[in-house]
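Since the structure comes first, as structure tokens, the remarks are kept for the end.
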Amino acid sequence: GLRYIDLGWTDIGNAECETISDALTSEECSLVFLGLSVNQIDDEGVAVLCAGLEKNTTIKYLELSQNEITDSGVKTIRRCVERRAELGSPLQQVWMRGNPANTALYTGCMLNGQFTHTSILSVIEQYCT
């Protein structure tokens, strides 16, 4: 099946996040990488995506750079990362450059502009709890 999809620069917003979230929960989903950079996804869209991601065991890499995600959305992603780790299928990397979130929430744990699984939890823990 399809393992990599990049839907960047496609004007995806919160309404489309519902469809994507539903697709992520399908038993046929074999995606490993989901690219959603340079779209119109905000905290509400992130919450919808995370609902699907928490039920998905195949996605390892998530690209959310240059959307409209604030500190609230970063906290939602943190909870999603924790739940995925608890299920034994952690997200390995989440890219978030260029969002309006407080960069202090995630810059400290970035390597070449990307989170790593353990660093998302440790650095965001300092700022979000």
Identify the two heavy atoms, one from E54 and one from R84, that lie closest to each other, and give their separation to 0.1 Å.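 Closest heavy-atom pair between E54 and R84: CA-CD, 4.2 Å.
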
Of all heavy-atom pairs between I69 and V74, which one has the smallest distance, and what is that distance?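 In terms of heavy atoms, the two residues are closest at CG2-N, 4.0 Å.
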
Using the side-chain contact (heavy atoms from CB on, under 4.5 Å) definition, which of the options L62, L91, L53 pairs with V81?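 It is L91; the other options fail the test.
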
For the backbone of [Y] and the side chain of [X], can you confirm whether one donor and one acceptor N or O come within less than 3.5 Å of each other?
X	Y	result
T76	S72	yes
T57	S89	no
E18	A15	no
N99	L64	yes
D22	T19	no
R79	C50	no

Centroid-centroid under 6.0 Å between Y4 and F33 rings: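 Yes; F33 has its ring centre under 6.0 Å from that of Y4.
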
According to a 4.5 Å side-chain heavy-atom criterion applied to Ile, Leu, Val, Met, Phe, Trp and Tyr, with indirect links allowed, do [X] and [Y] form part of one hydrophobic cluster?
X	Y	value
L24	I5	yes
I77	V48	no
L7	V46	yes

What distance do [X] atom [atom1] and [Y] atom [atom2] have between them, rounded to the nearest 0.5 Å?
X	Y	atom1	atom2	result
N56	C29	CG	SG	5.0 Å
L49	I20	CG	CD1	6.0 Å
N14	I12	CG	CD1	11.0 Å
E68	E44	CD	CD	13.0 Å
D43	D71	CG	CG	8.5 Å
S37	M96	OG	CE	12.0 Å

Going by atom types alone, do E63 and S65 pair a side-chain donor with an acceptor below 3.5 Å?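 The answer is yes; a qualifying pair exists.
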
Do D11 and N39 have side-chain N/O donor and acceptor atoms under 3.5 Å apart?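 Note: D11 and N39 side chains miss the donor-acceptor criterion.
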
More than 12 heavy atoms of other residues, nucleotides or ligands under 6.0 Å from NZ of K55: yes or no?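 No - once you tally the heavy atoms of other residues, nucleotides and ligands closer than 6.0 Å, there are 12 at most.
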
